[in-house]
Structure formats: C-alpha cells, structure tokens
Amino acid sequence: MTAAPRPTTCVLGRLAGGRVALCEIGGDGEPGPRQEFDEERLAEVVAGHEAAGTPRWVWSDTATWYPGLLAAGVRVERCHDLRLVHTILQHAAAVTDGAALRAATAWETGPVVPAEGRPPAATLFDVAPAAGSAVPHDLEETLAEHARQQAAIASAADPSPLRLLAAAESAGGLVAAELQAAGMPWDVVEHDRILAEQLGPRPGHGQPPARMVEVGAQVRTALGDPMLSLDSPPRVLKALRRAGIDVSSTSQWELAEHDHPVIEPLLRYKKLSRLLTANGWAWIDEWVHEGRYRPVYLPGGVVTGRWASNGGGALQIPRQLRPALRADPGWMLVGADVSQLEPRVLAAMAGDRAMADAGRGKDLYSGIVEAGVVATRAEAKVAVLGALYGSTTGDAGRLVPRLRRTFPRAMALVDEAAATGERGGTVHTWLGRTSPPPGPEWAAVQTRGGVVDATTADEERARRAGRDRGRFTRNFVVQGTAAEWALAWLADLRLRLSRIAPVPEEHAATASGPALGNRPHLAFFLHDEVIVHAPREHAEEAAQAVRDAADAAGRLLFPGSPVDFPLDLTITERSAK
DNA sequence: ATATAACGCGCG
DNA sequence: AAAGCGCGCGTTATAT
C-alpha cells in the first residue's frame, strides 16, 4: 500500500480589472507561475483542476469565493480558508513564531457580514460588499498570508494538531457555504398547520391570533386587570405582585413555582407569544422561498469554535417546528445526533477509562448509574452537566463530587482548566484552539481585589470574576473539542456523500442547487446533529456514510481511544419531534 | 428620535 | 425546575 499523493496546493486571488489568478505551490513551498484569466472563467478553471486531481484550494475567504462556484455547479473537495485559520492562529498558544501573522492585521476580521439569506450570487464578486468579509482577496496578499500561516503552524512544537484544525475549520467553511446553497427543505404548509393548531388561523396584518386573544383574556381576568398589556414584562410583573404573587421576574421557571389561577394561562400565553414572534407567519414570509430556508452559517462564530448563524435563528428553531423540515418528493431525511458528545469528548481527552467504559455502546448516563455513582439517569445527567459547566450549588453541587471519585482523570482535566482560567491563564482545545485571554477589565478587578487595602467588596468581586472565568475555561476545553469532533465528522461526511452516485437529472432536488441537488447532501447542522437530504434510493447509503464518518472522526481526533461516539439515527420523510 | 442594554426564551 | 457553559433574536426599557 502506498501513501496517497499529497494533494497539490492551488492559490486563488484577484488581480486588478476583474481578472483572477491561480498559482500552484510547488513541493518546495515556492509559488509557481501565475495563470491569469477572466473572472467569468473561474468556475470552469476550478472545475478543471478539481477533475484532474482535487487540489487544496487556498483562498482568502470561503464565504466570498465558494457560493459563486456552487451556483455554477462546481464543488471543491478541500480548501484552506485564510480568514478562518488566521483567527485561530492569531491566539494559538502552540504558535511560537506568530509575529508576522499577528502583524498582518488586515486579516483580523470582525463578524462576517451576512449575505442576508439571499440565494448565492450568480457570479463571483458581483454581490455588493454586503456578502463575505473585509479581508484582502488579491493574489499577492493571499500568497503572503498563506506563507505566514504555514510558518506559524510549522513553529509549533507539534504542528500536526494545528494542521488538522486548519483543515477541519476550512472544511467547515465549505460545509457552511454548501448548507446555505442547498437550504433546509421547508414545508410551509406543515409550518402553517402547526401555527394554526397552536395560535388559530393566520390573523390579518397587525391582528393578534385568536388563541392569544382568548388566553390573554383569561390572564387579565385571573389578575383582575382588564387593560393589562401582556407584552410588557415590567407591567405584568407589577400586576402579579398586586395580585399577591411574590415573584421578582416574569420568567417561566419562577412563575412555575407559584400556585395561582393566573400562572397556567400566563405561561401558555408566553409560549404562544414566543412562537408567533420568533417563528410565526412573518418568519415564513421572510425566510422561506421556493421550499427552502437558507440561513447563513458562521463557522467559528463562537469563541469555542462552535458555529453561529445569522438569519432567522437557524440554530434555535424550536423542536415544535421540526416536522416542517421535510424532504423533497422522492427524497428522505437522514437525521443523526451524537449521544452525549461533550462528556465522551472529555473522556477521550482525559484518557478516562472508567468513563469510556460507562458510555461504550450505550447511553452514557445509564452507564454512570450502572457504575453505581448515582441512583438515577436524571441524577447522572445533572452531575455530568454540572461537571462540565462548573456547578457548585443545588443537586449538581451535591452530585459532582461523586463523579470526581469515579472519574478522577476526566474531572482533573476540567478542574485544571478551571484553575488555569481563575489564575487568568488561557486554555486550549485538543487541536489547539486557544481561549481568549482575560480582558484588561478582568485583570483590573483582580489587581484591585489583591492589594493590601482592598475592601471586602473588592475581594469578593475579584473572587467572583475569577470563578466566572474558571467556569468559562472549564467549559471551553470540552465545548471546543466537541466542536472539533463535529467538524471532523462534517468534513469526512461531505466527502463520503460526494462519492455516492448521482441521480438522474429528473430526480434531482433542484432547489438544492446544481452542485448538490443530484446526490445526498447536508441540509442541517446543529453542534452535535446533522440532517442529510438524500434520494430515497440512496438514503441507506447516506446513513452508513453518517455512521462511518462519526467513527472516522473519533479515530482522527483520538487514535486508539476506547471512547466511542454512538449515534441516534433515523431515516424519515420529515424530521421528527 | 435613535442607539444600546436588559430581559426572556429558543437551541446545543 | 433550575443550576453551571455557549449562542441569536425579538421585545421593552433606558440612555443619549
């Protein structure tokens, strides 16, 4: 068996006058001759190289370059996204020689300006500056930044985790663009049916739905306040207190503590109000077009490396509306989520054999019960979440110490991360994404709390800020490494799906676009969950790809680890629950 | 009048 | 049921 040939590296950049250039990097790391061409030929040129040998494309920003290619029917296998990788390397503790990289401030971008959920631009760069980011796109800048990033990675004592992270993050960029291009197949009839079932039929513009009118009247009656506006929490709060209900806010968990005839209708009203304002008919009108909901995904949008999204609250779609996610005719949805991803990732990082055993092949929480740590699954879950989040009070505070006895290695890892954070230090994920350092304000609070004439209040403030930061760094290592596992899963999965045979043109999911609509493709991603949209005849094959990719992700990040990552997987026409 | 903060609640 | 982490977004209240 011979090693696969290392893919060639092709750098893309803009030139003056709407021209584009491609430059291949040789085995010695030196850029070769520049091949110039008109922008209109970009898709054709990329497709040609892709067919010839799947190079790694190096470009300024996937969100800028890739949507146009997808719209032209061109997928790429792999890339290196300079914007995403710059953000990681800038603060990476493993990078010992990053001065040049950090000096290149043009690559320090804020949040990406979203493309407003529009369908991908017909041609590259013809969208207003609205889409993509502000990083430089021209060829020489691109080459220079690529060289800086290679040098920065090479300066690490062990560059391989950072190389893996750069590849995974870049693959995430490709997936994000592909998710937006494909969109979520959205059944507006089902969505409307769910809304009508809860709220009553769609009311006229500016009118409240019938059910909210009824339930609102019940609330006002129960409070004896016929004019009360239920949409103003402060007014509702005053009314509740007038009615003798001792609450300090109108949040549902506090309301639920009390026994009064107003509680039930008020909670019901809040639920209806939330559904209407967040995902009501206005949401459908704004976000669903031609059977697709196309949010903007922002890889690396969260400090821990998790994704954020923009447009319609894609990562917060209520489970209630999941049935509106429905496959095209003749297609199926393959939905899979990882059971207890974060604690499993922790067990793998820490090499905690006992925790690996507790989860192997089964529900991790049940395994913890069987190990005799706690009596019930609910307790196990509270304890584990408490360990990951740094709970010190209530049930979690009582249960976490038991975990510490049975899983000392796992607990030592998160406890150490917390201690480092409390001291003002930084921590990093398995592949080397480093937590942001504390800001100047945090440091000032610590200084003020530590001087000889500090007041008790100063000391308490400093201790509290320390503990707050400790909980952040404690969670950072686990949440961030779980995000890396998920990236590896996505990256491997998209390649497996791309190798499944295409369906004939007449069976294609045309709304998913020319590059993706003819074979199984990702339609949704949410931290530890994917949904693949697949032709019925290839759904089983796609499901196996999802499973195989999960196994591959575990092996890639944690070679030889006894920790497994079981999936809950279903093949259905519409998303359940 | 408009920008910002705070709240509350949806998701993991 | 919330608590302990990370978010986005629509709302009202408050500051400018």
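Throughout, protein chains are lettered first and strands after them, A, B, ... in sequence-line order, and every chain is numbered starting at 1.
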Sugar-phosphate, base or nothing in reach of A/T250, heavy atoms under 4.0 Å: sugar-phosphate
Chain A footprint on DNA chain C, 5' to 3' - any atom under 4.0 Å from a heavy atom: C/dA1 to C/dA13
Short N-O contact, A/D285 and A/R202, less than 4.0 angstrom: yes
Side-chain donor-acceptor distances from residues 385-398 of chain A under 3.5 Å, at least two apart:
none

Touch class at under 4.0 angstrom, heavy-atom based, for A/D337 against every strand present: nothing
Assigned glycosidic conformation for C/dG4 [threshold 90° from 0]: syn
Touch class at under 4.0 angstrom, heavy-atom based, for A/S309 against every strand present: sugar-phosphate
Touch class at under 4.0 angstrom, heavy-atom based, for A/V303 against every strand present: sugar-phosphate
Between A/T304 and A/R433, a side-chain donor and acceptor under 3.5 Å: no
Sugar-phosphate only, base, or nothing, as touched by A/G305 at under 4.0 Å among non-hydrogen atoms: nothing
Along DNA chain C (nearest heavy atom to each residue), the more 5'-positioned of A/W283 and A/R306: A/R306
Identified pairing partner of B/dA5, criterion: Watson-Crick or G-U wobble below 3.5 Å: C/dT12
Whether A/Y293 and A/W186 hold their rings parallel, tilted or perpendicular, with breakpoints at 30° and 60°: perpendicular
Qualifying residues under salt bridge (charged side-chain N to carboxylate O under 4.0 Å, His left out), relative to A/R193, sequence neighbours excluded: A/E190, A/E197
Interatomic spacing from CG in A/D551 to CG in A/L556 - rounded to 0.5 Å: 12.5 Å
Under 3.5 Å: donor-acceptor pair, side chain of A/D568, backbone of A/D337: no
Sugar-phosphate, base or nothing in reach of A/A396, heavy atoms under 4.0 Å: base
Length of the CG-P vector between A/L275 and B/dC11, whole Å: 11 Å
Spacing between A/Q252 atom CD and B/dC11 atom C1', to the nearest angstrom: 13 Å
Touch class at under 4.0 angstrom, heavy-atom based, for A/G301 against every strand present: nothing
Touch class at under 4.0 angstrom, heavy-atom based, for A/G313 against every strand present: sugar-phosphate
Sugar-phosphate only, base, or nothing, as touched by A/L526 at under 4.0 Å among non-hydrogen atoms: sugar-phosphate
Of A/E342 and A/E254, the one whose closest DNA chain C nucleotide lies more 5': A/E254
Sugar-phosphate, base or nothing in reach of A/L341, heavy atoms under 4.0 Å: nothing
Spacing of A/K270 atom NZ relative to B/dC7 atom P, expressed in whole Å: 13 Å
Euclidean distance, atom CG of residue A/L325 to atom P of B/dC11 [Å, nearest integer]: 14 Å
Residue pair A/S251 / A/S249, side-chain donor-acceptor N/O under 3.5 Å: yes
Euclidean distance, atom CD of residue A/Q320 to atom P of B/dC9 [Å, nearest integer]: 15 Å
